[in-house]
Amino acid sequence: MVTPLLRNLEAALLNLDADQLRRRRRTVDTPCGPSAQVDDRPMLAFCSNDYLGLASHPALVEALQEGASRYGVGSGASHLISGHGRAHAQLEERLAEFEAPHLEDARALYFCTGYMANLAVLTALAPAGADLFCEALNHASLIDGTRLARGNVHVYPHCDLSALETMLKDSSAATKLVVTDSVFSMDGVIAPLPQLLALCERHGAWLVVDDAHGFGVLGEHGRGALEHFGLRSPQLVYIGTLGKAAGVGGAFVAAHATVIEWLVQRGRTYIYTTAAPPALAHALLTSVDLIAGPEGAARRARLAELNAHFRDALHLKRWKRMASETPIQPILIGESGPVLEASAALERERLWVPAIRPPTVPKGTARLRVTFSGSHEIDDARQLADALNHIEGTLHG
Ligand SMILES: *Cc1c(COP(=O)(O)O)cnc(C)c1O
């Protein structure tokens, strides 16, 4: 029976179709990697955030199996009841040690997802009366965190340090938080963290850095954005996700031990949820070793090579490769229709590159989001560039 409520939703879905904004999922039969079997067709994939190509790494598969043999599958309860296992504790120690060069009295807390880590940080650190200063291009999970936090939210324009400084000067709140992505996920730009941290130190504000796309990728040892810039401060609150470059799942917050203890007491998405399966934490110990070791370094070097070859082989006339030194290499096209056509044309050549449309990016800036992984071959980047050069010439718009 079609009730009025269902009819409303159906009309809203038809509106998405009319605006070319309906999304659909692909079903993948293969492990995450460059060669994918997608809806029963083989494709060369440039879509994942598995930047180091660890998601199907044999050492991680083995570590996960070992973790399951040792600890079983479910954790059975939340961390504060009985779900906090030895593997979780070991992972937190390892991550704290890994980020310790950049934080004072570092401690880390493992979360089920980055989304939940962001909600916990913002709600726990920004009570009523606090001021939150949020970068305009922040990830949806940070935006939702600011909506849930009781503090007052102020949005500053993208990377606009002087606008932020004016806002900070005007604030008389006892608690101030500046909140930013480190690497903007849809354009690959790196936030000016040294300048942001200087502003925060001058104005007594926390700097909350969501390094979802930097952890494992940036910095000589893969410690992420703080290592990339050589930053260290007791006012930093660092969030790294573990389902992207780390290849597994979950996330962590690293900060001064007092901040972490407060999150254990007041982070609602930490407290009121079942702890992640301990086997994941066990596998992540191997993941951190891979990131920090020679294999991680080699994969980061490969990413730089892929970028260089892609840039050199690309000769676009109307479309624009967005300047990015990260494995996120978007091609700006403009309207949703042409982006979908470009993505479909690539797909006919068995190249899988997702079309990114509003509301994920601002209207008029729809783009192809190319991402490389440490397990792509140099030839893969060349093949994609050649196809883009050709397809741009055959499409209008
Ligand atoms: C992916 C992402 C998250 C969410 O992390 P999950 O672990 O996938 O929930 C948070 N912030 C940014 C910038 C992201 O790209």
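Ligands are counted one by one from 1 in listed order, and the atoms in each one are counted from 1 as well.
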| Do any N or O atoms from the side chain of Asp181 and from the backbone of His139 form a donor-acceptor pair under 3.5 angstrom? | yes
| field | Donor-acceptor contact below 3.5 Å, side chain Thr269 vs main chain Met116 | value | yes
| said: For the aromatic rings, using the six-membered ring if either is Trp, is the centroid distance between Phe46 and His376 under 6.0 Å? | reply: yes
| request: Might you list the protein residues in contact with ligand 1, defined as having a heavy atom under 4.0 Å from one of its atoms, sorted by chain and number? | output: Thr113, Gly114, Tyr115, Asn118, His139, Ser141, Asp181, Asp210, Ala212, His213, Thr241, Lys244, Gly250
| task | In plain terms, say whether Arg94 and Glu97 are close enough for a salt bridge, that is, a side-chain N and a carboxylate O under 4.0 Å apart. | result | yes
| request: Answer yes if the side chains of Tyr110 and His79 hold a donor-acceptor pair under 3.5 Å, and no otherwise. | output: no
| note | In short, Asn307 meets Ser324 closest at the heavy-atom pair ND2-O, 4.3 Å
